[in-house]
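Below you'll find the structure, written out as structure tokens, and then a few comments.
So you know, we letter chains A, B, ... as the sequences are listed, proteins then strands, and number each from 1.
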Amino acid sequence: MPELPEVETVRDGLERHVVGRTVRAVEVRRPYSVRRHLAGPDDLAGRLAGRTLTAAARRGKFLWLPLDHPGAAGVPPDDALLAHLGMSGQLLVRGTADDVEQGGAHTHLRVRLLLDDGGALDFVDQRTFGHLSVVDLLPTPDARPGGAGSALPLVPAPVAHIARDLLDPAVDREAVARAIRRRRTQIKRAVLDQGVVSGVGNIYADEGLWRARVHPATPTADLDQATALRVLDGVAGVMTDALAQGGTSFDALYVNVNGASGYFDRSLAVYGQAGEPCPRCGTPVVREPFMNRSSHFCPVCQPAPAG
DNA sequence: CATAGAACCTGTATGC
DNA sequence: TGCATACAGGTTCTAT
């Protein structure tokens, strides 16, 4: 469910409400939710107990909370609590004893970090596509020439193959546009490929392509540089607008770190708007199957590619 | 290596 | 009411 604006909203909330606090204990209620932590739930709990969360970072839809060094001597590997929200994940901060008590009864509570100040950080996830793990941070070159930087960014090993996202100050949009045009696929598939550019999901792909007036099935080989950049600008623009409003939300499935829903869904032009008039030309929006999901577009503003 | 499709899990909405 | 099917915002693994 959450795409970049939602995950960034959560990251911002964690930065302001959780960073600096220390984990006292961990409850793993659903081992499947920590399946990516190969050493198992007990190891995860052991590596978190007593550690202080020192920052909140993000790339694309992955977010992580770097941990302090317990021993302080020597140079232990940097590590972090890594989270992916999947389709339905939430990270909820419980501040008071009452909040902790009530949150503990939540049907979809999967993992709980009890904090030493009496609060808790809850990982709630209905569909369980999301996951938590504790992983090493490694200096990592960009998977693709999507951005240039003097120093290598420190990212979790499982994030090494994820390209920079469009809100990353170091992203190189011209290079991303060239990478897209090098692919031999359809534009929507390329925009959704997290190894090309990260953070984009089904909603913002459809909305960005509508803004750019490009049909989702357009072959990438047919795009000139200016058109590819227009798509990136469209996607970045809609994500920036969504972020300003705290992310998109359809229902109680998504809430930000404090439990407040976003409301960007009220300004979606085509996503979920099948049959409704295109805000630009009035033509009914079309929905068609795409990779076990749907694509939404205006058949007039976004003409289908020839053939 | 690049690309397309299946698989992973839970829940709601819809139709018969 | 009961049951089957479609669909949901993502990523990884496997096959080609």
Would you say [X] reaches [N]'s phosphate, i.e. side-chain N/O to OP1/OP2 under 4.0 Å?
| X | N | result |
| --- | --- | --- |
| A/Arg189 | B/dG5 | yes |
| A/Ser88 | B/dG11 | no |
| A/His84 | C/dT11 | yes |
| A/Arg182 | B/dA2 | no |

Check whether the side chain of A/Arg127 and the base of C/dA8 form a donor-acceptor pair under 3.5 Å.
->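 In this structure, the two groups form a donor-acceptor pair.
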
Kindly point out which of C/dA8, C/dT12, B/dG11 is positioned nearest to the side chain of A/His161?
->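 Among C/dA8, C/dT12, B/dG11, the one nearest the side chain of A/His161 is C/dT12.
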
Taking C/dG9, B/dC9, C/dT12 as options, the one with an atom nearest any side-chain atom of A/Arg36 is C/dT12

Rounded distance in Å - [atom1] ([X]) to [atom2] ([N]):
| X | N | atom1 | atom2 | result |
| --- | --- | --- | --- | --- |
| A/Phe123 | B/dC9 | CZ | C1' | 12 Å |
| A/Met87 | C/dC7 | CE | C1' | 9 Å |
| A/Phe129 | C/dG9 | CZ | C1' | 12 Å |
| A/Gln186 | B/dT3 | CD | P | 12 Å |

Under 4.0 angstrom, heavy atoms only, what part of the nucleic acid is A/Arg184 near: base, sugar-phosphate, or nothing?
->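 Answer is sugar-phosphate: A/Arg184 comes under 4.0 Å of backbone atoms only.
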
Rounded to whole angstrom, note down the P distance from C/dT14 over to B/dC9.
-> 15 Å

Pairwise P distance, C/dA6 and B/dA6 [rounded to whole Å] |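 Between the two P atoms, the distance is 14 Å.
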
Do the charged groups of A/Lys61 and A/Glu3 touch, with an N to O distance under 4.0 Å?
->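 No.
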
